[in-house]
Structure formats: structure tokens, C-alpha cells
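Each remark here refers to the structure printed beneath this line.
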Amino acid sequence: MSARIIDGKAIAAARRERLAAEVATLGFRPGLAVILVGDDPASSVYVRNKQKAAVKAGFAGGTERLPAETSEAALLARIAALNADPEVDGILVQLPLPAHIRTQAVIEAIDPAKDVDGFHPINVGRLVTGQPSLVACTPKGVMTLLAEAGVPVPGARAIVLGRSTIVGRPVAALLTLADATVTLAHSRTRDLAAECRRAEIVIAAVGRPELVRGDWIAPGAAVIDVGINRRPDGTLTGDVAFGEASAHAGWITPVPGGVGPMTIATLLENTLSAARARRGKGARAA
Ligand code: GUN
């Protein structure tokens, strides 16, 4: 079997275009404020891409680049100002933060109604209890890719590799809400390969290059690769050995061009939802 490639880049581009058309009819520009503390090169690239996509979709706002030595108090004060700014619908503080700043304090300082990353405990709690919420962009993007590819989720056996708060845990919650039977595997899981072979949906989010081999994949399974790892030669690879896995899978996402572009499209969708909810232009989409 040769897998169908789930073209995240094309799916994200189409959704961004639809979103831009919708923004043009609103009568206001949704505002997205992005904060980058320090000059981590990978974070700089991610932030630049988010900002570019936001501008292209007709959003207002900008990126604030703060020096690495910015104090936690100064960052919290900046967030308080953005919380109070009626033109700002979404606030995103790029992670990771410098070690002297408590990440959780920053996440909890963001108004949950403007938390377009979906990291605030209020939004995480609402997600887990099945209430409408702002949902973390990468996990929500993964669900969009499954839906757009036509992968059957209800009743399917799904495995999520990796239990991070940004990806693994929320993806497991979303799959559970979508009626999959979910295994959340991690570094202490015994015989990961055997667990994986039972799954009809595999979500790999561990950050280990090509950990998932071809013979871990059940025939016809859907494989979503969240990993973005840099090889010594500078090229990118996922958490899945793509060539091997494509020979077994029914569907598979490439790296790059799979989950990554969906994360950005979903950030824009979340910002539009937050804007509509705050400005009373219709209910926030779940
Ligand atoms: N760093 C890596 N992924 C993310 C993300 O989705 N949001 C933020 N804010 N930082 C990140």
C-alpha cells in the first residue's frame, strides 16, 4: 500500500484564504498581538511566519520583540496592557521563555478570552470537560487534517506518542471528544512499537527524529507527524520515518508541509473566533 499524502500546506492555504474573505466582511480587523522574548532563532522564524500570515489575512496587530533580559514583572505588565486593549483580540507569547521567567505565570496572566494559544488553565479545563473553548493550535490543526483527509475517527483506535501540555495531552482530549479510543503513550510506555501497531490513527509528537519506523504502522493507518527535527545537514525531518511508514500507512503527513502550516492557520481561526466572541459578532467556534 502507498499512503495518501495529507497536504497540510494546501489545506492550510485554502483555509487561510477562506478566513481572509471572512475577515474582509467583518467591518473590523481582528487584532493579534505576538510577543517574543529573546532571540531564539527557531522562535524568531515561527513568530515571523505567524505575523506574516496574520497580515495577509487582514488582521491588525504586530510583534513585540523584547530583550532576553526582560523581567517577568515587565512582561506581565505588558500582558496586562494587552488584556485591557479593546483592539487586541488575541495574545500569543512565544515559548520557550528565558529561564528566569515562569512560563505558567505568564500563561495564567493572559485573559482566557484572548488566549488564542489555548494554554490557559481555564481553556484547558473547558476543553477537557467538552465545553466551547480556545483550543491549542497544533492539536486543533491535527484534528482539522484528519477531518479534511476523511479519516474516520469515531470508534477508531488512536495512539498519541508524547504527553506534552502543548500537543500530546490536548490532542488526546480532542480525539477522546471525537469518540476515538485513545492511548496516550510516553517515554515510560512499554513496547511502544506493539502499542503503535494496534492503532488506526497514530499522532507522533515526541521530538525524536524518525523514532516511528515503518513496521510500527498498521496497514492503512493514518499517520500524523507533529515532529519538526533538524538533521545534522540542516534539513528537517519528523518523528516518523516517512519513506518506510508511507509503505504501510493509508494516510500520512509530510515534514515539512504537514502539521506546521496548519498550526498557523489555526492560530488565525482562533483569533477570529476570539474576536467574534469578544465583539459580539456570533458565538465562538469550538
Ligand atoms: N512554541 C512552540 N509551539 C508554540 C505554540 O503553539 N505557541 C506558542 N506560544 N509557543 C510555541
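Order of appearance sets the numbers: ligands from 1, and atoms from 1 within every ligand.
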Could you check whether any side-chain N or O of Arg231 sits under 3.5 Å from a backbone N or O of Thr235, counting only pairs where one atom can act as donor and the other as acceptor?
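Judged by distance alone, no pair lies under 3.5 Å.
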
side-chain hydrogen bond (donor to acceptor under 3.5 Å, both in side chains) partners of Arg157, counting only residues at least two apart
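Arg157 satisfies side-chain hydrogen bond (donor to acceptor under 3.5 Å, both in side chains) with no other residue.
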
Ligand 1: protein residues within heavy-atom distance under 4.0 Å
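Ligand 1 is contacted, at a heavy-atom distance under 4.0 Å, by Lys50, Leu92, Val93, Gln94, Leu95, Asp117, Phe119.
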
I'd like to know if Asp39 and Arg65 make a salt bridge, using a cut-off of under 4.0 Å between side-chain N and carboxylate O.
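No, this pair does not count.
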
Salt bridge between Glu195 and Arg190, side-chain N to carboxylate O under 4.0 Å?
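Not counted as a salt bridge, because no side-chain N and carboxylate O are separated by less than 4.0 Å.
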
What I'd like to find out is whether the side chain of Leu161 reaches to under 4.5 Å of the side chain of Asp239, using heavy atoms alone.
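Of all side-chain heavy-atom pairs linking Asp239 with Leu161, none is under 4.5 Å.
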
Gap separating the CD1 atom of Ile91 from the CG atom of Leu32, nearest 0.5 angstrom:
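Here the interatomic distance stands at 9.5 Å.
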
